[in-house]
Protein chains: 2
Amino acid sequence: MARESLSKIERQRQLVQYLEKDPFLTDVDLSKIFKVSIQTIRLDRLELKIPELRERLKNVARSKVSQLKSMTGRELVGELVDLKVGASGVSILPVTQEMTLRKTKIVRGHHLFAQANSLAVAIIDAEAVVTGLARVSFKRPVYCGEKILAKAVIKTKKGNKYMVKVTSQVNDEIVFIGRFLVFALSEEVVPH
Amino acid sequence: MARESLSKIERQRQLVQYLEKDPFLTDVDLSKIFKVSIQTIRLDRLELKIPELRERLKNVARSKVSQLKSMTGRELVGELVDLKVGASGVSILPVTQEMTLRKTKIVRGHHLFAQANSLAVAIIDAEAVVTGLARVSFKRPVYCGEKILAKAVIKTKKGNKYMVKVTSQVNDEIVFIGRFLVFALSEEVVPH
DNA sequence: AATTAATTAGTACCAGGTACCAAGAATAGT
DNA sequence: ACTATTCTTGGTACCTGGTACTAATTAATT
């Protein structure tokens, strides 16, 4: 809380950080944090083009909903661009900052896995599908701003078991290869 | 938009539905939709215990933020409960509804993967770590409400390569086993 | 017709702002 | 040291989207 009088630029720099990690802060909160008047905070926001609390909350509410879709969405991680049910599928996942490690800017592996896994599951022509085994290989790091194109193909089918191979690339460069053994569940595998 | 004068209960029933699919509606919006006065809408919300717009937005924003944290959080997926850097680690991930497939209530595989992978990376004593290869096996479905306990152990180390084995269980029952080959990155693998 | 329920109108008040103006304090330029 | 400029603060009027309350009006019931 305590803070010796900062320069304007330093205060504004910190203000951005504060709001990034907590967009719920009001101008009053901020004025207390930085020990300046409300007007100063408002001038800062004006200069930095940071919208007011309510606008921020609207944005958070809206954007997080869409981000959620990309990660934990009910259906697919990424956007489906092609699908031949029972055969193959293609999805695209644009890399946002939230997916990367702060230090290295490298996409965390589980995002690639999630895109591939959900695509592998999506191309199976069955009501419910789960993954049993997977062997995945991360060929090169993927960075913020890149778009990951994942292609999935069913390689073999034995009963309710499918082998799906997923290849993900960025600009024709392979970044990820995964082989997923997935199972189509029989009707009644009901939760306990 | 147009709507013949509804009974109170019917209006309130529909009001709930409207707000469920669009929490961004103001009382004014609603009063226009139902062609009643603002006061009526407010009485309705009062009776139905529906909070005002701003509260609703706060709730949406907060819940989405926390959901995001569980999946795309900067650090670990799950909560770290034990860590011996360079040796082993344990994390717990409570399963929420968002992680499950709607139909089957089974946790989507990439959440287990994410927990395990991020834990495998976390126990390595290095600034930046990436996953190169992984072999994972999903032993049994995990359901909403369960808590996944993941244990990671470094099995071997060769130069900057580590083999990490992660075992995840729910109530002493193994649900997931993964072997991760991870790399500690040399200082300067800077993004382009 | 009288009673009750539902609706509407109106007022005072609040948080968290925008937009603007003017005055004072701090800093830099010369 | 004095001035010019930038920064900061104070104050006002106004806005949205409400709460909380009172009173009047309208509709439905018995």
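Chain letters run A, B, ... following the sequence lines, proteins first, then strands; residues in each count from 1.
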#### Entry: Candidate nucleotides D/dG18, C/dG17, C/dA9, ranked by approach to the side chain of B/Ser37 - the nearest
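Of the options given, the side chain of B/Ser37 lies nearest C/dA9.
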
### Message
Looking only at the side chain of A/Lys8 (C-beta and beyond, no hydrogens), which of the listed nucleotides D/dT9, D/dC7, C/dG16 gets closest?
### Response
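The answer is D/dC7, which lies nearest to the side chain.
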
### B/Lys165-B/Thr167 side chain donor-acceptor pair, cut-off 3.5 Å
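Not at all, the side chains of B/Lys165 and B/Thr167 share no donor-acceptor pair under 3.5 Å.
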
Using whole Å, report how far [atom1] of [X] lies from [atom2] of [N].
X	N	atom1	atom2	value
A/Leu53	C/dT18	CG	C1'	14 Å
A/Leu15	D/dC7	CG	P	15 Å
B/Leu43	D/dA23	CG	P	16 Å
A/Ile9	D/dT6	CD1	P	15 Å
A/Arg54	D/dG17	CZ	P	9 Å
B/Phe34	C/dT8	CZ	C1'	17 Å
A/Leu30	C/dG17	CG	C1'	13 Å
A/Leu46	D/dT9	CG	P	16 Å

### Query
Below 4.0 angstrom from OP1 or OP2 of D/dT8, is there any side-chain N or O of A/Thr40?
no

### Query
OP1 or OP2 of D/dT19 less than 4.0 angstrom from a side-chain nitrogen or oxygen of B/Arg45, does that happen here?
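True: B/Arg45 side-chain N/O within range (under 4.0 Å) of D/dT19 OP1/OP2.
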
### Query
For B/Phe24, is the NZ or CZ atom of B/Arg56 found under 6.0 angstrom from the centre of its six-membered ring and inside 45 degrees of the ring axis?
no

### Note, A/Arg135 side chain near A/Ile177 side chain (heavy atom, < 4.5 Å)
no

#### Entry: Min side-chain heavy-atom separation B/Val166-B/Val164 under 4.5 Å
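The answer is yes, as the side chains (C-beta and beyond) meet within the 4.5 Å cut-off.
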
### Task
Please say which of B/Glu10, B/Gln17, B/Gln12 ends up in a side-chain hydrogen bond (donor to acceptor under 3.5 Å, both in side chains) with B/Gln14.
B/Glu10

Looking at the base of [N], is there any donor atom on it, or on the side chain of [X], that sits under 3.5 Å from an acceptor on the other one?
X	N	answer
B/Glu55	D/dG18	no
B/Glu52	D/dG17	no
B/Arg42	C/dT7	no

### Query
If you look at every strand shown and take non-hydrogen atoms under 4.0 Å, does B/Ile38 touch a base, only sugar-phosphate, or nothing?
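Counting heavy atoms under 4.0 Å across all strands, no contact is made by B/Ile38.
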
### Touch class at under 4.0 angstrom, heavy-atom based, for A/Val36 against every strand present
sugar-phosphate

### Message
For nucleotides 24-30 of chain D, give me one character per nucleotide, 5' to 3': B if any protein heavy atom sits under 4.0 Å from the base, S if the only such contacts are to the sugar-phosphate, - if neither.
### Response
-------

### Message
Both B/Gln39 and B/Arg56 contact DNA chain D. Which one's nearest nucleotide lies toward the 5' end?
### Response
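Between the two, 5'-proximity favours B/Arg56.
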
### Message
Before we go on, tell me: are the rings of A/Tyr18 and A/Phe34 under 6.0 Å apart, centre to centre?
### Response
yes

### Message
Strictly below 4.0 Å, N to O, side chains only: are B/Arg140 and B/Glu146 in salt-bridge contact?
### Response
yes

### Query
Are any of the side-chain nitrogens in B/Lys84 or B/Asp82 under 4.0 Å away from the carboxylate oxygens of its partner?
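Looking at B/Asp82 together with B/Lys84, the answer is yes, because their closest N to O distance falls below 4.0 Å.
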
